[in-house]
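Let me begin by presenting the structure, written as structure tokens, before commenting on it.
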Amino acid sequence: MMNSKYILVIGANPATNHPVSMQHILRAKEKGMKLVVVDPRFSKTAAMGDEYIRIRSGTDIAFVYGVINYIIEHDLYDKEFVNERVYGFSEIKKEAAQYPLNVVENITGIKAEVVERVAKEMSAAKPASLIYNQGLTQHTVGSSNTRIVIILQSILGNMGKSGGGVNVLRGHDNVQGASDMGNLSHTLPGYYGIGKGAWKHYAEVWKLPYEKVVSRFKSEEMMLKRGFALSTWRFGAINDDFNKYNGGDRIRAVIVMGNGISTTAMTDLTKEALDKVDLLVFFDPYINDASMLTTRTDNLFCFPSTTQMENEGSVTATNRSYQWREKVIEPLFECVPDHIIMFDMAKRLGFYEDFVKSLGDGKGNFKWPDDATAEFANACRSIGLQGYSADRLRKHMRNWKYFDTHTLMGTGPVKGEYFGLPWPCWNEKHSGTPILYNISAPVMQGGMGFRAKWGEKGPEGGSLLPSVAPKGSRIDKGYVEVTSENVEELTGIKLSPEQKELIKGRKWSTDPTNILVNAMLGAGLVPCGNGRARFIVPQFIDKWPKHREPLHTPREDLLKKYHTWVDQKNLYRIDARFESEQNHNWVKDFPISLLTGRLVAHMGTGSETRSAKYLAELQGEMFAEIHPNTASKYGILDGEFIWIHGTHGGKIKTKAKVTYKVGEETIFLPQNFSGQWEGVDDVYPFNTDPYAKGAIANAVTSYGFDVNTACPETKSGLVRIEKA
Ligand SMILES: Nc1nc2c(c(=O)[nH]1)N[C@H]1C(S)=C(S)[C@@H](COP(=O)(O)OP(=O)(O)OC[C@H]3O[C@@H](n4cnc5c(=O)[nH]c(N)nc54)[C@H](O)[C@@H]3O)O[C@H]1N2
Ligand SMILES: Nc1nc2c(c(=O)[nH]1)N[C@H]1C(S)=C(S)[C@@H](COP(=O)(O)OP(=O)(O)OC[C@H]3O[C@@H](n4cnc5c(=O)[nH]c(N)nc54)[C@H](O)[C@@H]3O)O[C@H]1N2
Ligand SMILES: [Mo]
């Protein structure tokens, strides 16, 4: 980002949420980079920017299409990049043509000349970067939002370049690592999915017969099904209608490890579910928020787990760099590290021997966390983690001073390696990949094309293979991923009969010998192939992004043209309402738009930070930001209490903060408070109250889920307000 000439921040607020990244951004600004912030709220980042663009929440696709359309119409796009490395341009061109400037202005509230200026300036800046985060993802169209910004950056030729790209500023410390490790219900670690092939790969990694893995499930069929998501489990605990997706029964027990509970939309549902399940268990260094939400008096267990300071292992940053974290102190009091809790659970559930079979000698003698690191490095070949080892990562952390803070390249003892070996890191000699899809570097030094995951032929005809390749490749254009079938043809080398036997039926991501990968590297080729960036995803409900109004929209007039999808069956085990929720004319009774986001002094649910007295002192109170005109319309003065009523039936009482940061039609609530329920704050068990307490924003967020990921629509809701 330090090399960017222009940065579009859209749906992120790094000045508050990523203060370290913000320093990199400001360094680029010192060198003349233009910083433009698109946000419904005048954020701290907007205050640091050169231009602030107020957008109506949930309309980013229309805005970005407006920019794309202008760029294409005025011939401002990177034709070389598009011709050589992109698939599906003509479909996007056609779709974008439906978003001329006046249409964009009507949908988004952004003036035509502003869209025009962004298009002109961003296409002139080489390179331009784009930063997004939760402002784009927490919508029914969240996954389409994430695609449209990639499409924009590809059309501008900004992908695979230093100072370009799409920079997703991630959430928690190590959320990238959690994602790489597959802490989700629809994928195994390394993004393998949960198909039979993926499970077989893992059975091999875990040194277990496939049948043994199957035997942990009710049936093989259930093993191959997506589980509940963090947003949908409540329905699975409350609503028997969804038993059909869940092996015939409701969720009976809930075990929570590292989630604050009140942070999911529609807290009323969470409360009901916590009350209804048979067993509730928390592993948390703090008293989890659930303790104040639930009214149950039995079968609730809170176990003290340690914090990250009392643990060792790797964590992963936003740029895919793995960082080794040393243990700072021994576990305090009776706190136990999470992995020990897991091992203990496996023992008590009777499968400990299987659980640790792939660690160390396979008989329970292993070194933590080294052997676990070796296990996931061996498993996650799909993203190229096989170049990792605990020793290599430790060495990087201990020699951090030998890395250039600008390029990440090392010298001295870490010469030729990029800090933290950002993946893919294809083998123990690979440098790591500091910039994805960069074809100006050789593959062994971090070069790669787009993955050729979808074969040669595009879904709408034409080739999915590009006409260019990373520097120094044996093949100077596109090629498919390497398998035992095509390895000799792609690499031009002859494998011995023994080698052939070892890799029979394998491909690069399932070959434990790494023969296929090493053969490709030797020929300067990318193991996962060299493909085009694909703008069309045939299996998605929208093959390419389309603007669709939020389920709770203040613009009923736009629904005819930009309505949502039909209701969806079995979205992470629930039948989710889309159309039937949208067709309700909510705005009549709930005329104010609800926006939620974060504060610098608190983290997530705030269980930790609101229990820290200095942070609680910095930000001690929950509040609702409201525009002066709206406040005056309701007769509300700054600092007075208001009631906010959500469309899902919840209500909260909080202080009004009268400010121009929000538009007249919007209120903003920070998501970092908890500890009050419907205006009452005496809800914690005796002596466990954090220092700072307040109303829970998610008590008034609306129903609604991303159609692909089930991420809740916490950035576009509607509410009703009144003076308390
Ligand atoms: N201090 C602090 N730092 C944190 C966290 C924290 O709680 N406290 N949480 C961490 C986590 S888990 C995460 S995921 C990240 C989140 O980081 P961010 O995504 O930056 O956080 P938010 O404040 O939730 O949302 C960012 C901005 O999106 C805007 N926005 C809302 N809706 C829209 C929309 O429709 N379009 C556009 N263009 N903008 C919109 C909001 O007004 C807000 O300013 O922060 C991480 N860092
Ligand atoms: N309305 C609205 N809602 C939102 C959002 C929003 O923008 N608006 N943002 C969403 C996003 S992006 C996120 S990530 C979530 C965040 O929501 P949560 O993940 O619920 O928030 P945290 O407070 O980070 O929760 C972490 C919990 O883990 C505990 N913990 C900390 N360290 C450890 C450890 O080492 N081991 C264990 N076992 N426990 C530990 C903490 O004490 C805390 O209880 O909120 C989501 N909810
Ligand atoms: Mo997050």
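Both ligands and their constituent atoms are indexed starting at 1 by order of listing. Sequence positions, counted from 1, serve as the residue numbers for this chain. On a predicted model such as this, the values are computed, not experimentally measured, just so you know.
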Look at the aromatic rings of F301 and F303 and report parallel, tilted or perpendicular, splitting at 30° and 60°. parallel
Atoms in ligand 1 flagged as close to R41, the criterion being non-hydrogen separation under 4.0 Å: 42 (O)
Quick one: nearest non-hydrogen protein atom to atom 37 (C) of ligand 1, plus distance? D60 OD2, 3.4 Å
Taking 4.0 Å as the limit for heavy-atom contacts, which would you say applies to T263 with ligand 2: side chain only, backbone only, both, or neither? both
Nearest-contact summary for atom 11 (C) of ligand 1 - protein heavy atom, Å: G171 CA, 3.2 Å
Can you list the steps and then say if E549 with R56 is a salt bridge (Lys or Arg N to Asp or Glu O under 4.0 Å)? CA-CA 11 Å; E549 281 292 312; R56 176 166 69 89; 2.7 Å; yes
Parallel, tilted or perpendicular: ring planes of H339 versus W368, cut at 30 and 60 degrees: parallel
Taking atom types as modelled, is there a side-chain donor on H186 or Y572 under 3.5 Å from an acceptor on the other? yes
Look at the aromatic rings of F376 and Y322 and report parallel, tilted or perpendicular, splitting at 30° and 60°. tilted
Would you say L599 contacts ligand 1, with heavy atoms under 4.0 Å as the rule? yes
Examine the proximity of ligand 2 to V175 and report which part, side chain or backbone, both or neither, has a heavy atom under 4.0 Å away. neither
Per-atom contacts, ligand 1 versus G58 - under 4.0 Å to a heavy atom: 34 (C), 35 (O)
Is the number of heavy atoms from other residues, nucleotides or ligands within 6.0 Å of CE (M257) greater than 12? yes
Using a heavy-atom cut-off of under 4.0 Å, does the side chain or the backbone of T16 touch ligand 1, or both, or neither? backbone
Sole candidate of T701, T264, T263 that passes side-chain contact (heavy atoms from CB on, under 4.5 Å) when paired with T714: T701
Do E713 and T140 have side-chain atoms, one donor and one acceptor, less than 3.5 Å apart? yes
Any donor-acceptor pair under 3.5 Å linking the side-chain atoms of D289 with those of S674? yes
Would you say the side-chain atoms of S702 and T647 include a donor-acceptor pair closer than 3.5 Å? yes
re atom 3 (N) of ligand 2, the protein heavy-atom contact at minimum distance is N698 ND2, 3.0 Å
When only distance counts, is G604 in polar contact with ligand 1, meaning an N/O pair under 3.5 Å? yes
Could D39 and R41 be called an ion pair, given the rule that one side-chain N must be under 4.0 Å from one carboxylate O? no
With atom 24 (O) of ligand 1 as the reference point, say which of R54, K715, H602, E713 has the nearest heavy atom. K715
Minimum-distance protein heavy atom relative to atom 25 (O) of ligand 2: G260 N, 3.4 Å
Give a yes/no verdict on a cation-pi contact between R548 and Y562, requiring under 6.0 Å between NZ or CZ and the six-membered ring centre and an angle within 45° of the axis. no
Side chains of R320 and Q176: any donor to acceptor distance under 3.5 Å? no
Need the ligand 1 atom indices (1-based, order shown) with element for anything under 4.0 Å from a heavy-atom of I10. 38 (N)
Taking the six-membered ring for Trp, are H627 and Y660 parallel (under 30°), tilted (30 to 60°) or perpendicular (over 60°)? perpendicular
Who's closest to atom 27 (C) of ligand 2 heavy-atom-wise, of P712, G258, S262, A265? G258
Going by atom types alone, do D275 and T294 pair a side-chain donor with an acceptor below 3.5 Å? yes
So is there a nitrogen or oxygen of N133 less than 3.5 Å from a nitrogen or oxygen in ligand 1? yes
Under 4.0 Å from any heavy atom of V600, which atoms of ligand 1 are there? 1 (N)
Please check if the number of heavy atoms outside E326 that lie under 6.0 Å from its CD is greater than 12. yes
Could you tell me whether the side chains of R325 and N174 share a donor-acceptor contact shorter than 3.5 Å? no
Taking every non-hydrogen atom, the tightest pair across N13 and K44: OD1-N, 3.8 Å
Proximity winner for atom 22 (P) of ligand 1, if only heavy atoms of N17, N13, T605 are counted: N17
Among R598, H172, H18, closest by heavy atom to atom 23 (O) of ligand 1 is R598
Is any N or O atom of T596, backbone or side chain, closer than 3.5 Å to an N or O atom of ligand 1? no
Ligand-residue contact atoms, ligand 2 with F283, heavy atoms, under 4.0 Å: 37 (C), 38 (N), 39 (N)
Short N or O distance, T59 and ligand 1, threshold 3.5 Å exclusive: no
N or O contact, G597 vs ligand 2, cut-off under 3.5 Å: no
Measure the distance from atom 43 (C) of ligand 1 to every protein heavy atom, then report the residue, atom name and distance (to 0.1 Å) of the closest one. D39 OD2, 3.4 Å
Counting non-hydrogen protein atoms only, what is the nearest one to atom 41 (C) of ligand 2? Give residue, atom name and distance. D284 OD1, 3.4 Å
Non-hydrogen side-chain atoms of W586 and E581 separated by less than 4.5 Å: yes
Where does T45 meet ligand 1, judged by heavy-atom distances below 4.0 Å: at the side chain, the backbone, both, or neither? neither
G11 N/O to ligand 1 N/O under 3.5 Å: yes
Atom 40 (C) of ligand 1 has as its nearest protein heavy atom P40 CD, 3.2 Å
Charged N-O contact under 4.0 Å between K34 and E121: yes
Should L169 be counted as touching ligand 1, given the test is an N or O pair under 3.5 Å? no
Short question: side chain of H602, backbone of Q619 - any donor-acceptor pair under 3.5 Å? yes
Evaluating non-hydrogen atoms only, which member of G135, A697, P285 is closest to atom 32 (N) of ligand 2? P285
Near T701 (heavy-atom distance under 4.0 Å), the atoms of ligand 2 are 1 (N)
What residue and atom, counting heavy atoms only, is the protein's closest point to atom 6 (C) of ligand 2, and at what distance? Q138 OE1, 3.3 Å
If we set the cut-off at 4.0 Å for heavy atoms, which region of S607 has an atom near ligand 2: side chain, backbone, both, or neither? side chain
Heavy-atom contact under 4.0 Å between H139 and ligand 1? yes
Are any of the N/O atoms in Y286 less than 3.5 Å from those in ligand 2? no
Can you find an N or O of S716 that's nearer than 3.5 Å to an N or O of ligand 1? no
Show the atoms of ligand 1 that are less than 4.0 angstrom away from any heavy atom in Q134. 14 (S), 16 (C), 19 (O)
Subset of ligand 2 atoms that lie under 4.0 Å from at least one heavy atom of N288: 44 (O)
Which heavy atom of the protein is the closest neighbour of atom 36 (N) of ligand 2, given with residue, atom name and distance? D338 OD2, 2.8 Å
Pairwise salt bridge (Lys or Arg N to Asp or Glu O under 4.0 Å) hits with a residue in residues 105-119, at least two apart: E51-R117, E105-K111, E116-K120
Do ligand 2 and T264 have nitrogen or oxygen atoms that lie under 3.5 Å from each other? no
Hey, looking at atom 34 (C) of ligand 2, which of T306, I287, T307, V700 has the closest heavy atom? T306
